[in-house]
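Report on the structure given below.
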2 protein chains.
Amino acid sequence: MARTQGSHSDITGPRVRAAALHLFAQHGYAAVSMRQIAREVGVQAGALYNYTPDKQSLLFDLMQTHMTELLAARDDMPDGATPVEALEHFTRLHLRFHSERPDEVFIAYMELRNLTPENFTKIEALRRSYEDSLETILRSGVSSADFEVSDPKIATMAVIAMLTGVNTWFREGGRLSLAEVEQIYWDMVRKAVGA
Amino acid sequence: MARTQGSHSDITGPRVRAAALHLFAQHGYAAVSMRQIAREVGVQAGALYNYTPDKQSLLFDLMQTHMTELLAARDDMPDGATPVEALEHFTRLHLRFHSERPDEVFIAYMELRNLTPENFTKIEALRRSYEDSLETILRSGVSSADFEVSDPKIATMAVIAMLTGVNTWFREGGRLSLAEVEQIYWDMVRKAVGA
DNA sequence: GTCTATATGAAGATAGAC
DNA sequence: GTCTATCTTCATATAGAC
């Protein structure tokens, strides 16, 4: 039985999000038009509005999905790990997760200012939750005297910034493999917190 | 002797750049219109074109000025310092310079993709020159066995990312003074490179 | 579900009066 | 040097035919 001509809701939806992701990351949310997204998908601009109520929702959905997946990955953290093990796990997970999703990460950091206030609040809460999990690890390591960290809050921000910075230069197939990069960063993180 | 009515070239020029800086940092280059800039300056849109040939030049000038000032500050590095002293100097200078110029830093990192290819190439060369000065410090410290760094290139990117990240949270008048922040970051940098 | 056509507004940049 | 007015293009979003 042939489908209705031109009816592709099940595949067009993901394609719209993929095109928006790619174009927002490359040119920035404000610089990308709905017509550009439609062109990349291969439909006319009007058809996009079957998949998103507006451009803002497209951005918000991309960021919310990204942050939700990040938090889900974080929740795979093994129970009963020592602070050092937990920190190594966090470090490697962060590097792997972020290096696999350069476009999502770029958008999540760069397009915060293009969210409506309501949407911004929601995304910020997700990000804060992620940061808190690292801060908790650092505080537990300070309590157990495994780490030497004078200010866990600042150390949290410093470590996350250092790790996320990998996306500014790392490319699969370059001079170093991801496994090598993980090892080098873990070595620096470990030393930085005095473990 | 009264000036020609409405003639203010000597003060309007800097005001145009200041308004563009502020608005680009807040909303992003692509999202800011020439009319918005004009409104902030207190002139009509057409008058802006006495001070810049177009919007792109406005962005490029801001970024070029910022990077040139950064390189000038770097050149104040004292001669004859040990690798550890040079690294501490770099760390504190970077933190001070960047925390004093949040808008410029934000633009310099976020709006690279909105430069024309020619302009992008010029800004990238300036940034590369800055990164090279840290890499040189790290390599000299490895040679002298003051540092323990397995990959100076990665360590360079990691340290710069960590330090620049201070702009995502540090505000003058907050919980910590800049001097305290400097000390905490220098402590982490020092340990991260094994000094 | 997708198309064409369009309503409505705003963008960058320029011309010419003062 | 700044203004007003305008050219031209493009934007988001919607209406209604197929």
Side-chain angles (χ1 to χ4, degrees), chain A residues 1-24 26-62 107 111 113-119, chain B residues 1-24 26-62 107 111 113-119:
Chain A
M1 193 79 121
R3 299 180 64 92
T4 304
Q5 184 202 21
S7 177
H8 304 288
S9 83
D10 46 346
I11 54 175
T12 305
R15 277 169 55 76
V16 169
R17 284 191 293 279
L21 174 71
H22 171 237
L23 289 170
F24 288 169
Q26 189 146 71
H27 307 291
Y29 173 77
V32 171
S33 69
M34 295 297 269
R35 284 172 178 79
Q36 270 178 280
I37 297 171
R39 196 182 319 133
E40 181 140 323
V41 173
V43 298
Q44 294 299 314
L48 295 179
Y49 291 88
N50 290 311
Y51 302 99
T52 179
D54 51 32
K55 196 184 169 191
Q56 168 71 202
S57 301
L58 214 38
L59 175 63
F60 176 68
D61 286 349
L62 290 173
I107 290 174
E111 303 297 354
R113 62 188 170 184
N114 285 312
L115 291 171
T116 62
E118 296 78 21
N119 287 342
Chain B
M1 190 79 120
R3 299 179 62 92
T4 303
Q5 184 203 18
S7 176
H8 303 290
S9 82
D10 46 346
I11 53 174
T12 305
R15 278 169 53 75
V16 168
R17 283 192 294 278
L21 173 71
H22 171 236
L23 289 169
F24 288 169
Q26 190 146 70
H27 306 291
Y29 173 77
V32 172
S33 69
M34 295 297 270
R35 284 171 178 80
Q36 266 178 283
I37 297 171
R39 196 183 319 134
E40 180 139 322
V41 173
V43 297
Q44 294 299 314
L48 295 179
Y49 291 87
N50 290 312
Y51 301 99
T52 179
D54 51 31
K55 195 184 168 190
Q56 168 71 203
S57 302
L58 214 38
L59 176 63
F60 175 69
D61 285 350
L62 290 173
I107 290 173
E111 303 295 356
R113 62 187 170 186
N114 284 312
L115 292 171
T116 62
E118 298 75 24
N119 287 342

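The sequence lines fix the lettering, A, B, ..., with proteins before strands; numbering per chain opens at 1.
Here the P atom of nucleotide dT14(D) and the CG atom of Leu48(A) are 13 Å apart, to the nearest Å. Across the protein-nucleic acid pair, Asp10(A) atom CG and dT2(C) atom C1' stand 14 Å apart, rounded to whole Å. In this entry the distance linking CZ of Arg39(B) with P of dT2(D) reads 18 Å, nearest Å. Distance CG (Asn50(B)) to P (dC3(D)): 10 Å, rounded to an integer number of Å.
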I'd like to compare against my own output: the B/S/- annotation of nucleotides 11-18 of chain C with a strict under-4.0 Å heavy-atom distance to protein.
BBBB----
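The minimum heavy-atom distance linking Asp54(A) with Thr52(A) is given by the pair O-OG1, 2.7 Å. Counting all heavy atoms, side chain and backbone alike, Asp10(B) lies closest to Pro14(B) at O-CD, 3.4 Å.
Put simply, Tyr51(A) has a side-chain N or O that comes within less than 4.0 Å of OP1 or OP2 on dT2(C). Thr12(B) has no side-chain polar atom (N or O) that falls below the 4.0 Å cut-off from OP1 or OP2 of dG1(D). A sub-4.0 Å separation between OP1 or OP2 of dT4(D) and a side-chain N or O of Gln44(B) is present.
Side-chain N or O atoms of Glu111(A) include none that pairs as donor or acceptor with a backbone N or O of Phe60(A) at under 3.5 Å. The backbone N or O of Leu58(B) lies less than 3.5 Å from no partner atom in the side chain of Tyr51(B), so there is not a single donor-acceptor pair.
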Got a list of side-chain donor-acceptor pairs under 3.5 Å for residues 34-41 of chain B, not counting sequence neighbours?
| unit_1 | atom_1 | unit_2 | atom_2 | d |
| --- | --- | --- | --- | --- |
| Gln36(B) | OE1 | Ser33(B) | N | 3.1 |
| Glu40(B) | OE2 | His22(B) | ND1 | 2.8 |

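Taking 4.5 Å as the limit, every side-chain heavy atom of Gln56(A) sits out of range of all side-chain heavy atoms of Asn114(A).
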